[in-house]
Amino acid sequence: MDRADRQHDAVLAAIRNVAARLAEEKDYLTELDSAIGDADHGTNMNRGFEAVLENIETKQDDDVADIVKDVGMTLISEVGGAAGPLYGGSMLHASEQLEDGLTRESTVAFGEAYLEKLRDRGGASLGDKTMVDAVTPAVHTYKKSIEEDDLPPQEALAKAVDAARRGVEFTVPIRANKGRASYLGWRSVGHRDPGATSTLFMLEALLETAEHHLDEEVMEES
Amino acid sequence: MDRADRQHDAVLAAIRNVAARLAEEKDYLTELDSAIGDADHGTNMNRGFEAVLENIETKQDDDVADIVKDVGMTLISEVGGAAGPLYGGSMLHASEQLEDGLTRESTVAFGEAYLEKLRDRGGASLGDKTMVDAVTPAVHTYKKSIEEDDLPPQEALAKAVDAARRGVEFTVPIRANKGRASYLGWRSVGHRDPGATSTLFMLEALLETAEHHLDEEVMEES
Amino acid sequence: MKKLLNDPSEMVDEMVDGIVAAYPDHTRRLDDTNVIVRNDAPVSGKVGVVSGGGSGHEPTHAGFVGEGMLDGAAAGEVFTSPTADELSEMIQACDGGAGVLCVVKNYEGDVMNFDTAAEMAELSGVDTVEQVVVNDDVAVEDSTYTSGRRGVQGTIFVHKCAGALAERGADIEEVVRVAEKVIDNVGSMGMALTSCVTPEKGEPTFDIDDDEIEIGIGIHGEPGVERTELVEADAIAERLTNEVLDDVQPSGEVAVMVNGMGGTPQSELFVVNRTVQELLVDNGLAPWNTWVGNYMTSLDMAGCSVTILDLDEELMELLDSPTTAPAFKTK
Amino acid sequence: MKKLLNDPSEMVDEMVDGIVAAYPDHTRRLDDTNVIVRNDAPVSGKVGVVSGGGSGHEPTHAGFVGEGMLDGAAAGEVFTSPTADELSEMIQACDGGAGVLCVVKNYEGDVMNFDTAAEMAELSGVDTVEQVVVNDDVAVEDSTYTSGRRGVQGTIFVHKCAGALAERGADIEEVVRVAEKVIDNVGSMGMALTSCVTPEKGEPTFDIDDDEIEIGIGIHGEPGVERTELVEADAIAERLTNEVLDDVQPSGEVAVMVNGMGGTPQSELFVVNRTVQELLVDNGLAPWNTWVGNYMTSLDMAGCSVTILDLDEELMELLDSPTTAPAFKTK
Ligand SMILES: Nc1ncnc2c1ncn2[C@@H]1O[C@H](COP(=O)(O)OP(=O)(O)O)[C@@H](O)[C@H]1O
Ligand SMILES: Nc1ncnc2c1ncn2[C@@H]1O[C@H](COP(=O)(O)OP(=O)(O)O)[C@@H](O)[C@H]1O
Ligand SMILES: [Mg+2]
Ligand SMILES: [Mg+2]
Ligand SMILES: [Mg+2]
Ligand SMILES: [Mg+2]
């Protein structure tokens, strides 16, 4: 199996892992959204990734960028709500960065593009108690780990997951300023943000996949 | 105090006793009506007798027949539902029989007229699981006790109450053929009829009043 | 059980005020009664069409007061027939000299109080008081063992057709004829997922488990004719539709009402309606118009009913003629 | 929690079928979408007026599709904004060449999906797509700490006025102007006695005690802005009315909506309306027309909302012009 094939398999495996994880966490995410939102986040994400799973069956031959782009489009047309355009739009936008496959550089670029689109589309800042609070530390940490610390990708990703987890925990004690939870005002304090949490779950699933499917070789510059 | 005054007082006392008893039993009667009807019989009867209590304040000087007539009219205009026209209409109709006051004869005639109107208005037969099943044995027994057995009125009334109680118990194991409970078909079996039960409570209150306010003298033919 | 109420015993009185306050152009309240009449009642020379019954079924009946539908609606206490004296006042207030038709749902309390009221009104100078008794509930066996079938949602079609014909100046025999025609051609059946909670009692009228439903309920929180296990919406829609069709035996165009009992979201009613309509078409029928919503309710009960009216040209035309009644929208 | 449903995940799909089956003369469904449009869409030369949002608010939005009101309504999953691609199909299907106005309730999901849809529709050849965002919920502070105020029941008045003007052939700038006028002059506030139960979750979205209520709720089972002890209907009516009046500051004639959240009997809404109307009159206002009923609901939630629209001649005329939309009855 050549490098492109292995990357291709890794991406498909990652998608399946993410879908499985979100299916498992469906009720928990909805529970979080019950407390400060409208009790649909778990259902929304799960519906989206069920459709993604169906779709990728027919896209087995596409390259990595096309697969991720397709995931974005499916999420846009299946998830709805706030999460649909945010997750889907960001993934769609960032997928371009993967046109030459998964490399140390391209994955950093992907993260940056994802965060940029997320902030653009939703208008949320750090500390508004949204998924931005999980994505930002993850992307920053990954970039630094790769670019400054020269860590292997899995290690960088593991650090990013840890960063996202801190971001999620950080959403608990703060007041929501964006999204449905913002209508609660001070009553939102003390609750974990559902979108930040689903972001963390996705990153954890990516890390798990990486541990099995990615090594430095696979991601070496071609 | 002359005979007319004592009768007058007895009737007012009876009404107050009945009203008090129905107020006490309001929830129980509604409970019975929940099982096989529409959960309003206690409220209906209580609302009616509260209005009766208010009205008799202004009718202190009327004679016995007028007071009973007035009770009937108040029940017609305050109770509503099936119980309103049945209790109110029967009382109104039977009140005529008391024009010459309470006597052994007039009270028997009152009972007969009451039963006649009740059966006419509602069209129910004995065994249809309605108030007819309480009123019929009570009237029959009262009439026999006075006319055949020559018992004193209180004793006759006590026997009538006992007869009504059997009538009420008899409603339990039979199927309803009239009133709302009839819609239940066989499911009505096993439940006590609310209207028969409220009839019994009224008779019990009358008996209690009679024990304090009526003796043979008071009811002697003038 | 929480409710949007002040003193529960004042509920009907306050509600009647609230209805008139909502529709001051169309309606007014008769002093010292819970009766609502058209603002311009009595309409001289027109047959008056009136109805009434216990409260708790809103928008029935007051929501159907308006030009081209009811002239008057009497509200009793919750689930309790209005009293004869209030009914009589309503009849008198709606008599424009051409007589008054009372549309009565078949409950002994209602029938007895309307009977008494008609006598009282005639004594007070109303020339003709007619009564039709609606008994469209096919769940109830009509036999010597019952007080006949109950009157439920089909009553609304009676109001509309009789009211429309009266508005056009028909005489009372004609109005009675059309009312009877609707009664002869309409059937309904309902079911409940939960009991209602009456304001005074504050607790469910009947207990029902989380995996049970009541089939063949009335509109007063009475238990139904049968308790079964909880089934899917499609099965419920089929059961209700088939029993109504069996009874009504319609042949061509039909009017349909998929009615909510008060506590069921409209989304669920539409899910039921989907299957109702499929069955109608499967039976070779043509649904001419359909009403989906809360029309004759049982307080906050969750559940639904299905009503089907076999139509002819006359009934279609009457159903479709304009009315200002706030709760009835024509096709 | 029992519901009249088949498979909960099929609910929206089946509901949309059931809606179209109820109103086949007025509506049709766009293939492979949960979008309902006027049967005759696109109406050539007419500005299209469309809306949409999550399901669970029935009769909103599909009940407002009809001549003189909405051309199209998109239904998302329960409480979830429809997706951009379905919204885009709706916009295209309702474009008669004069442009399309999207009436959007202010939720980030709705706004983002409609934004994306507008871009997609423009790419597919729709000349002009305009968007107005309704934010009438006065319970929510409009500050940098929120995403602005939510859009709730006032949206229905926007549909009606914009739809009526479009029906008369006004151009898109005019239709936008009137929509904005309604938005600028309308306010709403709601409260809940109970949480709703979503079909998928099957349990209450929030817990609330038997002696508590939520003030300032939205329409998605979100908790409100404040939890207080249970009080009488009059106190609730006062709180809601006064907060809305404070915000809208109307001066003369007003349109009023006393809306049920889905699980509250209409009798209770009329009890609330009684006090609402008293307060309006006490404030020197003239209620021009009032709608009492379930217009924009939150599944089976018990509770109510009060909406007040400050009127001028133009808005009165538009509110009163005829519409075939099944859920809106004119004065
Ligand atoms: N403006 C925004 N920017 C970033 N994230 C947002 C924004 N609005 C909402 N979110 C995220 O979306 C999550 C909610 O998603 P979801 O429940 O699926 O949609 P909805 O709020 O429409 O029901 C929130 O927990 C939050 O993380
Ligand atoms: N046709 C009838 N004849 C005699 N009694 C009747 C008849 N119909 C009903 N009843 C009596 O009325 C009682 C119910 O009264 P109530 O609950 O106040 O009225 P409703 O049935 O209208 O709610 C029944 O328990 C029964 O005893
Ligand atoms: Mg959500
Ligand atoms: Mg009863
Ligand atoms: Mg009753
Ligand atoms: Mg949502």
Side-chain angles (χ1 to χ4, degrees), chain C residues 1-6 11-12 14-19 21-25 55-56 58-59 63 78 193-194 210 213 230 232-234 236 256 258 262-278 287 289-294 297 299-300 302-304 326-327 329 331, chain D residues 1-6 11-12 14-19 21-25 55-56 58-59 63 78 193-194 210-211 213 230 232-234 236 258 262-278 287 289-294 297 299-300 302-304 326-327 329 331:
Chain C
M1 184 65 196
K2 287 178 281 188
K3 292 186 168 282
L4 281 170
L5 290 178
N6 303 304
M11 196 270 251
V12 175
E14 294 179 354
M15 172 188 83
V16 170
D17 272 350
I19 295 172
Y23 316 120
D25 294 354
S55 292
E58 293 67 29
V78 171
L193 295 166
T194 64
D210 255 10
I213 59 177
L230 178 61
E232 290 196 335
D234 282 352
I236 290 169
V256 186
V258 177
T264 285
Q266 214 172 346
S267 46
E268 298 178 26
L269 299 180
F270 282 118
V271 168
V272 170
N273 181 55
R274 170 175 170 272
T275 306
V276 171
Q277 302 285 333
E278 275 175 16
N289 199 22
T290 303
W291 286 263
V292 179
N294 291 337
T297 57
L299 293 170
D300 54 353
C304 70
K329 175 125 187 172
K331 189 173 178 175
Chain D
M1 185 63 195
K2 288 178 281 187
K3 291 184 169 284
L4 281 170
L5 290 178
N6 303 304
M11 196 269 251
V12 175
E14 295 179 352
M15 173 188 82
V16 171
D17 272 351
I19 295 173
Y23 315 120
D25 294 355
S55 293
E58 293 66 28
V78 171
L193 296 166
T194 64
D210 255 10
D211 55 358
I213 59 178
L230 177 61
E232 291 198 334
D234 282 352
I236 290 169
V258 176
T264 284
Q266 214 172 346
S267 45
E268 297 177 27
L269 299 180
F270 282 118
V271 169
V272 170
N273 181 55
R274 170 175 170 271
T275 305
V276 171
Q277 302 285 335
E278 275 176 15
N289 199 23
T290 303
W291 286 263
V292 179
N294 291 336
T297 58
L299 293 171
D300 55 352
C304 70
K329 174 125 190 175
K331 189 174 179 179

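Numbered from 1 within each chain, the chains take letters A, B, ... in sequence-line order.
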| task | Determine the minimum heavy-atom distance between D:Val271 and C:Met11, stating which atoms define it. | result | CG2-O, 3.9 Å
| field | Residue, of C:Asn289, C:Asp25, C:Thr264, that accumulates the most heavy atom pairs under 4.5 Å with chain D | value | C:Asp25
| query | Pick from C:Ala327, C:Gly262, C:Ala22, C:Gly263: which one has the most heavy-atom pairs with chain D under 4.5 Å? | reply | C:Ala22
At a heavy-atom separation under 4.5 Å, does [X] approach chain C through its side chain, its backbone, both, or neither?
{"X": "D:Ile19", "result": "both"}
{"X": "D:Val272", "result": "side chain"}
{"X": "D:Met1", "result": "backbone"}
{"X": "D:Pro326", "result": "backbone"}
{"X": "D:Ala302", "result": "neither"}
{"X": "D:Gln277", "result": "side chain"}

| said: Walk me through whether D:Gln266 and C:Thr297 qualify under side chain to side chain contact (heavy atoms under 4.5 Å, CB included). | reply: CA-CA 9 Å; D:Gln266 214 172 346; C:Thr297 57; over 6 Å; no
Separation of [Y] [atom2] from [X] [atom1] (nearest 0.5 Å):
{"X": "C:Leu4", "Y": "D:Ile236", "atom1": "CG", "atom2": "CD1", "answer": "5.0 Å"}
{"X": "D:Glu268", "Y": "C:Met15", "atom1": "CD", "atom2": "CE", "answer": "11.0 Å"}
{"X": "D:Arg274", "Y": "C:Glu14", "atom1": "CZ", "atom2": "CD", "answer": "4.0 Å"}
{"X": "C:Glu58", "Y": "D:Ser267", "atom1": "CD", "atom2": "OG", "answer": "4.5 Å"}

| query | Top residue by heavy-atom pair count (under 4.5 Å) with chain C, among D:Gly293, D:Pro265, D:Gly303? | reply |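 Ranked by contacts with chain C, first place is D:Pro265.
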| For the candidates D:Leu5, D:Leu299, D:Asp300, which exhibits the highest count of non-hydrogen atom pairs separated by less than 4.5 Å from chain C? |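 Heavy-atom pair counts peak at D:Leu5.
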| query | Distance-only, no hydrogens or angles: does the D:Asn273 side chain make a donor-acceptor pair with backbone N or O of C:Gly18 under 3.5 Å? | reply |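 Side chain of D:Asn273 to backbone of C:Gly18: a pair is present.
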| query | Sub-3.5 Å donor-acceptor pair from the side chain of C:Asn6 to the main-chain atoms of D:Asp234, do we have one? | reply | yes
